Engineer: 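To start, I am sharing the structure in question, which I have written as structure tokens.
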Protein chains: 2
Amino acid sequence: MKGIKRLAQHLDISIGTVSRALNGKPDVNEETRKRVLDAAAKLGYAPNQAGRSLRRGTTNAIGFMIETNEETEANSDNFFLGVIAGLTGALLRHNLDLVVLPCSVNEDPHDYLQRIVARRLVDAVIISATQREDRRIDLLKAAHVPFIALGRTGGPDEHAWIDLDFEGVAHEAVARLVARGHKQIAVAIPDTDINLGYVFRDAFIDALARHGLTVDPSFIIRARSSEHGGYTIGNAILAMEDRPTAVVLVYEMMAIGLYRRLNEAGLTPGQDLAIVGFREGPQSQFLSPALTCFRMSLRDLGIGLAEGLLATMPDYADLYPAGPMHKLWPMELVEGESDGMVIDR
Amino acid sequence: MKGIKRLAQHLDISIGTVSRALNGKPDVNEETRKRVLDAAAKLGYAPNQAGRSLRRGTTNAIGFMIETNEETEANSDNFFLGVIAGLTGALLRHNLDLVVLPCSVNEDPHDYLQRIVARRLVDAVIISATQREDRRIDLLKAAHVPFIALGRTGGPDEHAWIDLDFEGVAHEAVARLVARGHKQIAVAIPDTDINLGYVFRDAFIDALARHGLTVDPSFIIRARSSEHGGYTIGNAILAMEDRPTAVVLVYEMMAIGLYRRLNEAGLTPGQDLAIVGFREGPQSQFLSPALTCFRMSLRDLGIGLAEGLLATMPDYADLYPAGPMHKLWPMELVEGESDGMVIDR
DNA sequence: AGTGTCGCCAAAAACGTTTACGAAGCCCTA
DNA sequence: TAGGGCTTCGTAAACGTTTTTGGCGACACT
């Protein structure tokens, strides 16, 4: 005899009453409830999650879907991992379990998520790396699974999402570079289909336009979001006849690779090429010369995601402001020495 | 009508047969199986996890227990997060789900784990930050839950574990420092009850003894495993009348704080104080002067843990070598400039 | 005294799946 | 023709909960 049945037999009351006592239902004598609670604590009873999930139709877990590529090179995984730290903390307060949903690059994210939903493994999900048209969103809507997206899509966004404030960053970065005399400004965006690239590119073009500048198409450089990607950005720039005097990098790791490439060419970041980057983690903290970058706390971002997600879940919605969250996550400029004045050549 | 029942009705066969067909049981006509498989794919059917878990008594998930402190300062979380990246990849191959089990610092890890086990939330667990006497191990053994520990305990270790090769590191670090003329060597260990601290301290003392050196008790410095902890190590050393000429740091972040403290005092790492550190992540990659450190791949460590854990699970044991894994994880020395020759003062 | 109302609890159904068991049909052999 | 073995499938029980339903007694009110 196991589980609640054992507990009930031990107390000589019915399992229904035990269940109601443990779940705080009103129609149970307070003295009985106390007996049940004491016995449960003493015997170390906790309800079997499968049984509870089956009956309740709810799993008490939320999923965080990330893409994992098997390549050995360090990639943007670090980004998601930092977010997980914030998520666990926030979900712990509500006794929600976090299950990591790693989608292999070999599989269609939509199909992967479809299987997760069909299995009813989680009550709600966080999707990341949103694409311009992301079928996962239609899937989740149709299945009535609460969700929040980390990243905008191209379409109308009635659902909850949080995205980095790429427009704000682009404008601030461009304004700063223009003030320092730069006119030939390049931007590096990821080479995948992730919507982030399009958003940042457009924000960048718009920011330049505000200063009366147009962008040379070759100055929009697509690269992997890794250190190696940064290295290839260096290659691309060095190969240009008419080089940009400044470049804005959308991933932290890119800066590291670009520094390396410049150093190999005997050039100095911030002197021969102005660089403005992002900083999600501590990686670029000790680059020399110090990287001028936009910084964010991944942990806080994780907490924000948890709150935005909970707000979309019927059982928790009353704790949070109504309506799906649409939030542009602000970033803070950290002044370094990598975005120097333009030098006549 | 939902789930397997719907599928069965749609095909006009019994749910039992459908289930057997999907699970590859032998007693089902191959043509029938094909019909079932096709229909399942077309309708996007996947078995409800709660129902399956309840019946099978197995959840298809493994848990990774970590401790999360709510403090804002970046702590060793980064260590665990890196491991998660490796875990997800390895578990993905076996279609196992990973659930993160964050234990609040306010709660007894044993009680927390006890609840997880009672809920039967996961089939197996990875525990980390093992203590010298860790009651979680007795709990898991008694409950017959397969597990692997990241970190040794003080007791007899019949169970599976992986730990960093602290002995090897201590010996290599000390030998290197002694060869450079250092005789007054300090070590920094965590200020918590985690077993790692004792292991490293003992290995350190033993390594010194091999070179005929004894250790000044004040040279065993306890500090938090964070950047701030490294800063306090600097304070402690600077306050000593008879300072060590070298120090070995057991956490990556410590080096960053110690560098900062030394710089504030107008001292140069590697010149006024030799430093040997650890490097789990990319944090200290760009410290100047470059940190001499022992490096490891957290991702590989995660993969190793997954394999060690699977070997203890009856359903997977045949894929892996028999017997619980006891592994000292090797680390690789990265030569920097922070462990210079001793200078007469 | 009859009728509601309330507090408390037992009984039983339901959630979706897997699997033990047995039955039906068929072929083959004695 | 009886019986045995094989293949294939349907039936039903079981997993551990939660929740609905209803019942019993006590009490209050008319």
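Everything quoted here is computed from the prediction, not taken from an experiment. In the text below, chain A, chain B and the rest are named by the order of the sequence lines, each starting its count at 1.
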Engineer: At the 4.0 Å heavy-atom cut-off to chain B, mark where contacts on DNA chain C begin and end, going 5' to 3'.
Structural biologist: C/dG16 to C/dA20
Engineer: Tell me whether A/Arg115 is salt-bridged to A/Asp111, with the criterion being a basic N under 4.0 Å from an acidic carboxylate O.
Structural biologist: no
Engineer: Could you pull out all residues at least two apart from A/His110 that satisfy ring-ring contact (aromatic ring centres under 6.0 Å, His included)?
Structural biologist: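 Expected list: none.
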Engineer: Can you check nucleotides 18-21 of chain D for protein contacts, nitrogen or oxygen pairs under 3.5 Å, and list what you find?
Structural biologist:
from, atom 1, to, atom 2, distance (Å)
D/dT18, OP1, A/Asn23, ND2, 3.3
D/dT18, OP1, A/Arg52, NE, 3.0
D/dT18, OP1, A/Arg52, NH2, 2.8
D/dT18, OP2, A/Ser19, OG, 2.7
D/dT18, OP2, A/Asn23, ND2, 3.4
D/dT18, O2, A/Arg55, NE, 3.4
D/dT18, O2, A/Arg55, NH1, 2.7
D/dT19, OP2, A/Lys25, NZ, 2.6
D/dT19, O4', A/Arg55, NH2, 3.2

Engineer: Could you list the residues that satisfy side chain to side chain contact (heavy atoms under 4.5 Å, CB included) with B/Ala149, not counting sequence neighbours?
Structural biologist: B/Ile127, B/Thr130, B/His159, B/Trp161
Engineer: Could you tell me which residues satisfy salt bridge (Lys or Arg N to Asp or Glu O under 4.0 Å) with B/Lys25, sequence neighbours excluded, listed by chain and number?
Structural biologist: none
Engineer: Tell me what B/Ser53 touches on the nucleic acid: a base, only sugar-phosphate, or nothing, going by heavy atoms under 4.0 Å.
Structural biologist: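 If one applies the 4.0 Å heavy-atom cut-off, B/Ser53 turns out to touch nothing in the nucleic acid.
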Engineer: Calculate the interatomic distance between A/Lys2 atom NZ and D/dA14 atom P; express it in whole Å.
Structural biologist: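 So the two atoms are 15 Å apart, to the nearest Å.
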Engineer: Between A/Asn48 and D/dT17, is there a side-chain N or O to OP1/OP2 distance below 4.0 Å?
Structural biologist: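 No, A/Asn48 has no side-chain N/O under 4.0 Å of OP1/OP2 on D/dT17.
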Engineer: Enter the inter-axis angle for the ends of the helix from C/dA1-D/dT30 to C/dA30-D/dT1 (five pairs per end, rounded to 10°).
Structural biologist: 70°
Engineer: Less than 3.5 Å apart, which donor and acceptor atoms pair up between the side chains of residues 116-124 of chain B and the rest of the protein, not counting sequence neighbours?
Structural biologist:
from, atom 1, to, atom 2, distance (Å)
B/Arg119, NE, A/Gln49, OE1, 3.2
B/Arg119, NH2, A/Gln49, OE1, 2.7
B/Arg119, NH2, A/Asp97, OD2, 2.8
B/Asp123, OD1, B/Thr58, OG1, 3.2
B/Asp123, OD1, B/Thr59, N, 2.7
B/Asp123, OD1, B/Thr59, OG1, 3.0
B/Asp123, OD2, B/Thr58, OG1, 2.8
B/Asp123, OD2, B/Thr59, N, 3.1
B/Asp123, OD2, B/Asn60, N, 2.7

Engineer: Which residues pass the ring-ring contact (aromatic ring centres under 6.0 Å, His included) test with A/Phe64, sequence neighbours left out?
Structural biologist: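 For A/Phe64, no residue satisfies ring-ring contact (aromatic ring centres under 6.0 Å, His included) once neighbours in sequence are set aside.
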Engineer: Not counting sequence neighbours, list each pair that qualifies as a salt bridge (charged side-chain N to carboxylate O under 4.0 Å, His left out) and has a residue in residues 39-58 of chain B.
Structural biologist: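 Residue pairs passing salt bridge (charged side-chain N to carboxylate O under 4.0 Å, His left out), neighbours aside: none found.
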Engineer: Give the table of side-chain donor-acceptor pairs shorter than 3.5 Å for residues 5-14 of chain B, with sequence neighbours excluded, one pair per line with atom names and distance.
Structural biologist:
from, atom 1, to, atom 2, distance (Å)
B/Ser14, OG, B/Thr17, N, 3.3
B/Ser14, OG, B/Thr17, OG1, 3.2

Engineer: Quick test of your reading: applying salt bridge (charged side-chain N to carboxylate O under 4.0 Å, His left out), list the pairs with at least one residue in residues 145-154 of chain B, sequence neighbours left out, ordered by first then second residue.
Structural biologist: B/Arg152-B/Asp163, B/Arg152-B/Glu167
Engineer: Enumerate donor-acceptor pairs with a distance under 3.5 Å from any side-chain N or O in residues 312-323 of chain A to protein atoms, sequence neighbours excluded.
Structural biologist:
from, atom 1, to, atom 2, distance (Å)
A/Thr312, OG1, A/Leu309, O, 2.6
A/Tyr320, OH, A/His94, NE2, 3.2

